[in-house]
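A quick write-up on the structure given underneath.
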Amino acid sequence: MSRQRLNIGLFGFGVVGQGLYDVLQKSPAQDVKIIKICVRRKINRSLPDNMFCYNPDEILENEDINTIVELIDNADDAYHIVKKALQYGKNVVSANKKMLAENLSELVKLAKEMNVSLLYEASACGSIPVIRNLEEYYDNDLLLSVTGILNGSSNYILSKIFDHNQNYQEALLEAQKLGFAESDPTFDVDGFDSLYKLIILTMHSFGVIVKPDEVLNYGISNISEFDINYAREKGYKIKLVGQVERLQNKKITLFVLPRFVTKDKYIYSVEDEFNGVVIKGLAYDKQFMFGKGAGGHPTGSAVLSDITALGHFYRYEYKKATYFGGFQYFKEGAIEVYLRYRNPDVLQNFEFSSVSEEYHGPEYHYKIGFMPLDKLIAIKEKLRTLDIFLAATGKTLNY
Ligand code: HSE
């Protein structure tokens with residue numbers, strides 16, 4: 001099998017960039033060399049000064065560099081770097097889920113036009129090879145749903161709360177110290193990171209590119225002792241879950257919400273910064289992928305895997321969009337949720353189509369019932385500002 005030599009220009013030397021560098025030392029890939037590393041300011045590492053540069057064009061305009069590995073934090077800067085790199089005819093490996101989810105259509109088209117490869121296994125679920133499997137192994141029409149814990153930081157926080165009685169703030173600080181959290185942890189705890197990953201997985205599952213703004217994402221930042229006790233009493237854990245599901249008539253639905261998870265589910269025992277993805281399909285029923293979803297070395301290993309695949313000229317073929325296209329995003333279904341609130345006035349924001357359980361206490365109240373998904377999407381920004389907590393029970397109704 002033929003191989004190509006990869007001369008790499010690396011952007012970013014933070015948690016994942018350094019992780020990749022270390023992983024490469026452990027597993028020196030043949031025909032792979034990091035030529036230059038572009039950073040915003042000098043890094044205190046035992047690497048020669050001439051390895052670093054501060055102007056992206058020094059890498060982008062270097063004709064000896066045929067591959068860009070983009071591992072920076074800022075999604076807008078990442079977009080400009082990746083776009084320019086593709087326009088210069090260079091292969092790109094990226095881990096930037098926000099940048100990819102927001103610009104997938106344009107970048108995929110550009111990579112195709114320029115006849116280069118754009119790979120991003122590390123952008124979703126860290127070390128778990130979920131994208132490549134959706135692309136290669138699940139390259140048929142059997143897939144029914146992809147459901148999982150896609151964010152390591154929020155799972156780390158929930159694990160510490162549920163299993164170690166730690167408080168939310170303490171656990172978040174730890175997730176930040178360990179390098180799991182984004183520089184703005186709102187991304188993690190409010191479900192944006194999971195949303196971007198879900199958008200990418202949806203493309204590789206069903207060939208549909210959905211705009212992040214049009215998908216419900218609600219996270220765990222409003223969770224209270226009351227919600228935790230409610231879940232404990234029922235024998236549930238609360239996990240932040242992203243789900244894309246195939247409905248009848250070539251429709252798909254997707255959302256990110258905290259979820260009550262019962263002991264019999266695979267994701268119940270996914271703890272700490274681990275991610276877990278359940279893939280459900282006709283014929284094979286359920287399969288479960290599990291692994292570290294955050295951290296420099298696990299994520300660096302996924303970047304390395306893209307690099308070595310690139311050495312063999314690997315590209316995503318976007319098989320679902322090509323062969324099984326025609327799926328449409330459907331927002332008109334209903335999901336069953338637990339809505340915990342303090343002030344009954346808040347209920348005016350919500351429209352329950354049915355209520356199965358209701359509780360009124362001295363401080364908090366809750367209702368469990370079905371709500372139309374599109375109504376929740378319409379107020380998704382507002383949801384975070386209300387004194388409530390929302391969690392899915394796992395039941396959906398699709399009209
Ligand atoms: N902040 C992300 C997480 C990093 O916690 O999952 C990996 O994408």
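Just so you know, ligand 1 is whichever comes first in the structure, and atom 1 is the first atom listed for that ligand.
In summary, the side chains of Y266 and Q287 do not present any donor paired with an acceptor at a separation below 3.5 Å, with no hydrogens or angles considered.
Close approach of ligand 1 to F180 is summarised as follows: ligand atoms under 4.0 Å from at least one heavy atom of the residue are 1 (N), 2 (C), 3 (C), 4 (C), 5 (O). Listed by number with element, the atoms of ligand 1 under 4.0 Å from a non-hydrogen atom of K197 are 2 (C), 3 (C), 6 (O), 7 (C), 8 (O). Numbered from 1 in the order shown, with element, the atoms of ligand 1 that lie under 4.0 Å from a heavy atom of E182 read 1 (N), 2 (C), 4 (C). Atoms of ligand 1 found under 4.0 Å from any heavy atom of G152, numbered from 1 in the order shown, are 3 (C), 5 (O), 6 (O).
Of the heavy atoms in D193, only side-chain atoms (C-beta onward) come closer than 4.0 Å to ligand 1. Looking at K97 against ligand 1, only its side chain comes within 4.0 Å, counting heavy atoms. Proximity of D188 to ligand 1, defined as any heavy-atom pair under 4.0 Å, is confined to the side chain (atoms from C-beta onward).
With respect to the salt-bridge test (charged N to carboxylate O, under 4.0 angstrom), the residues E363 and R342 qualify.
The six-membered or imidazole ring of H204 lies near that of Y120, with a centre-to-centre distance under 6.0 Å.
Judged by the 6.0 Å and 45° rule, R232 forms a cation-pi pair with F162. Cation-pi geometry between R340 and Y364 is satisfied (NZ or CZ under 6.0 Å from the ring centre, within 45° of the ring normal). By the 6.0 Å and 45° rule, K320 does not stack over the aromatic ring of F206.
Residue contact check for ligand 1: G126 places no non-hydrogen atom closer than 4.0 Å to it.
Looking from atom 7 (C) of ligand 1 to the surrounding protein, the closest heavy atom is G293 O, 3.3 Å. The shortest contact between atom 3 (C) of ligand 1 and any protein heavy atom is with N151 ND2, 3.3 Å. Summary of contacts: the protein heavy atom closest to atom 5 (O) of ligand 1 is S153 OG, 2.6 Å.
A distance of 12.0 Å separates CG in L142 from CG in D285, rounded to the nearest 0.5 Å.
Exactly one residue among E271, E273, H164 makes a side-chain hydrogen bond (donor to acceptor under 3.5 Å, both in side chains) with S159. That residue is E271.
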